[in-house]
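See below for the structure under consideration.
Model, not experiment: these values are computed from the prediction.
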Amino acid sequence: MGSRGRSLRNKGKLLLIKKIYTVLLILFFKYQGDHAVLCVRIKNVAVAVTKAARLHLFQAQEWQKLQNSIQDHSCTEKFSKAQLTMTVNHTEQNLTVSQIPYPETWYVFYVDKFTCEENYSESEDIQFEMILLNPDAEGNPLDHFSAGESGLHEFFFLLVLAYFITACIYAQSLWQTIKKRGPMHTVLKVLTIALLLQAGSAFANYLHFSSYSKDGIGAPFMGSLAELCDIVSQIQMVYLLLSLCMGWTIGRMKKSHGRPLQWDSTPTSTGIAVVVVVTQSFLLIWEQFEDTNHHSYHSHHGLASGLLIGLRVCLALSLAAGLYQIITVERSTLKREFYITFAKACILWFLCHPCLATIAVIFREYQREKIITIGVILCQCISMVILYRLFLSHSLYWEVSSLSSVTLPLTVSSGHKSRHHF
């Protein structure tokens with residue numbers, strides 16, 4: 001079976017194609033429940049019959065045991081140990097995978113009579129279409145999602161709905177506030193653009209998963225667009241948080257008496273922020289090439305993902321250290337409260353992914369991606385809400401930033417009603 005003329009449904013499960021003599025690891029899929037189905041359709045049946053073509057299904061753990069076994073199994077012995085086998089000799093065939101105690105990954109291999117022969121000459125390819133289905137809520141094999149992705153479609157629907165409702169309530173007031181061009185105008189504008197990109201990513205993911213639920217292929221362009229929006233949003237937030245914090249820290253070192261509400265960017269703070277942003281951008285793009293599946297928060301097993309998590313931990317620690325220095329010398333209670341809240345938002349933004357990736361290790365493999373994806377998105381949404389409430393609250397920032405003429409629904413009632421001078 002060659003690599004040309006294939007049509008694979010559930011493309012998100014395509015792992016790799018490698019040759020062990022002539023054996024092809026076609027894909028992997030996380031089956032769950034009873035009566036999961038593997039459906040195969042081929043066009044040139046005569047070629048498949050001539051080659052004695054077969055599909056061998058291995059549970060991932062069993063295949064890894066065979067690969068790591070001290071005993072040297074021959075090619076034939078390895079494939080004789082497959083949990084399930086399907087002889088490919090009809091135009092359309094179904095294989096039922098049942099009695100699965102818990103969701104697990106299965107590898108699907110193509111094998112023919114030439115598989116274990118060293119001297120192999122190329123022959124006509126077998127064109128095929130493969131559909132993998134899990135049982136739905138009613139037990140019918142109609143669900144295109146693997147166990148590792150089940151529930152994400154519904155999550156993104158609820159997330160998009162939440163963004164829409166929030167926009168209907170707050171968009172007009174927020175827009176009026178931004179138009180007033182107060183001292184925090186730039187911060188609010190960058191924060192809002194990052195939020196819009198996050199919402200765009202959620203909507204693109206929802207469209208991709210909606211299409212995927214119908215045909216098992218989805219909309220790859222929308223999946224890529226969702227990742228692009230998320231990457232740009234991450235970059236914007238890193239630049240915003242880092243340049244703000246570094247600007248305040250460096251301003252204090254120079255004994256600047258400028259109000260901390262301003263975006264006190266300096267050449268030094270801007271330079272540091274740009275270097276970090278470029279580094280993160282490089283790692284995010286590298287991560288996309290390491291893992292081509294359409295999801296924004298990738299497995300942390302790859303080198304790029306590991307370096308990205310390490311960068312986020314370093315950023316969180318450095319920002320926390322810088323803000324701690326400011327807090328310890330700040331005499332104003334209002335300013336201290338602001339810096340403490342800002343520090344919480346920064347730490348939550350940067351540490352949510354590393355912490356969730358670490359926590360996910362104790363769960364089964366099929367649960368990890370969902371835990372990381374849902375957890376990171378919710379934590380970063382909470383971080384953005386904290387920042388909005390901080391910059392638009394009835395406190396020091398609300399007063400001196402000339403935003404008080406517009407009462408926002410996001411504002412926090414405060415007991416500080418008098419004017420404060422510093």
Side-chain angles (χ1 to χ4, degrees), residues 183-191 193-195 233-284 307-358 376 379-393 395-398 400-401 420 422:
M184 296 309 293
H185 167 75
T186 306
V187 174
L188 290 172
K189 187 168 66 174
V190 173
L191 185 60
I193 292 173
L195 179 63
S233 174
Q234 297 290 329
I235 291 171
Q236 288 232 150
M237 287 298 296
V238 168
Y239 182 76
L240 171 65
L241 299 178
L242 192 60
S243 58
L244 274 174
C245 183
M246 294 303 297
W248 294 331
T249 304
I250 293 171
R252 291 233 166 225
M253 291 171 59
K254 294 180 178 179
K255 301 186 182 300
S256 171
H257 295 286
R259 289 177 298 182
L261 306 181
Q262 307 281 353
W263 188 336
D264 292 330
S265 60
T266 66
T268 304
S269 65
T270 302
I272 294 173
V274 168
V275 170
V276 173
V277 164
V278 170
T279 303
Q280 174 167 301
S281 303
F282 172 75
L283 292 176
L284 286 168
L307 291 174
L308 194 56
I309 286 177
L311 176 63
R312 285 168 175 157
V313 172
C314 291
L315 284 173
L317 294 177
S318 61
L319 291 183
L323 290 168
Y324 177 76
Q325 292 178 356
I326 296 176
I327 293 168
T328 53
V329 299
E330 182 58 62
R331 295 181 179 180
S332 168
T333 302
L334 282 176
K335 287 185 179 180
R336 259 201 321 271
E337 289 178 358
F338 168 79
Y339 289 129
I340 290 172
T341 306
F342 183 80
K344 291 177 182 178
C346 289
I347 292 171
L348 179 61
W349 181 274
F350 289 118
L351 286 187
C352 61
H353 189 194
C355 290
L356 287 167
T358 303
V376 170
C379 286
Q380 292 188 343
C381 285
I382 293 172
S383 179
M384 283 188 165
V385 169
I386 292 173
L387 292 172
Y388 268 117
R389 289 168 65 92
L390 193 63
F391 293 126
L392 302 174
S393 62
S395 63
L396 169 70
Y397 281 72
W398 185 76
V400 303
S401 61
H420 296 271
F422 298 93

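- The side-chain heavy atoms of Leu241 and Leu387, taken from C-beta on, include a pair separated by under 4.5 Å.
- Pairing each heavy atom of Ser383 with each of Ala345, the nearest pair is OG-O, 2.8 Å.
- To the nearest 0.5 Å, the span separating CZ on Phe342 from CG on Leu319 amounts to 7.5 Å.
- Nearest heavy-atom pair, Pro354 versus Ile309, reported as atom, atom and distance to 0.1 Å: CB-CG2, 3.6 Å.
- The shortest distance between side-chain heavy atoms of Leu195 and Tyr388 falls below 4.5 Å.
- For the atom pair Leu390 CG and Tyr339 OH, the distance stands at 10.5 Å (nearest 0.5 Å).
- The line from CZ of Phe391 to OG1 of Thr341 is 10.5 Å long, rounded to the nearest 0.5 Å.
- If you take CD on Gln380 and CD on Gln234, they are separated by 4.5 Å, rounding to the nearest 0.5 Å.
- When every heavy atom of Ile235 is checked against every heavy atom of Gln280, the shortest pair comes out as N-NE2, 3.9 Å.
- Heavy atoms only, all atoms of each residue included: Leu351 and Val313 are closest at CD2-CA, 4.0 Å.
- Taking each heavy atom of Ala194 and Gln236 in turn, the nearest pair found is N-NE2, 3.7 Å.
- Of all non-hydrogen atoms in Leu284 and Arg312, the two that sit nearest each other are CD2-NH2, 4.1 Å.
- Within the 4.5 Å cutoff, the side chain of Leu392 has heavy atoms near those of the Leu188 side chain.
- Here the NZ atom belonging to Lys344 is positioned 7.0 Å from the CD1 atom belonging to Ile340, to the nearest 0.5 angstrom.
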### Query
Stepwise, does the side chain to side chain contact (heavy atoms under 4.5 Å, CB included) test hold for Phe350 with Leu317?
CA-CA 9 Å; Phe350 289 118; Leu317 294 177; over 6 Å; no
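- Put simply, the side chain of Thr279 gets close to the backbone of Val275: a donor and an acceptor are under 3.5 Å apart.
- The line from CD1 of Ile193 to OG of Ser233 is 10.5 Å long, rounded to the nearest 0.5 Å.
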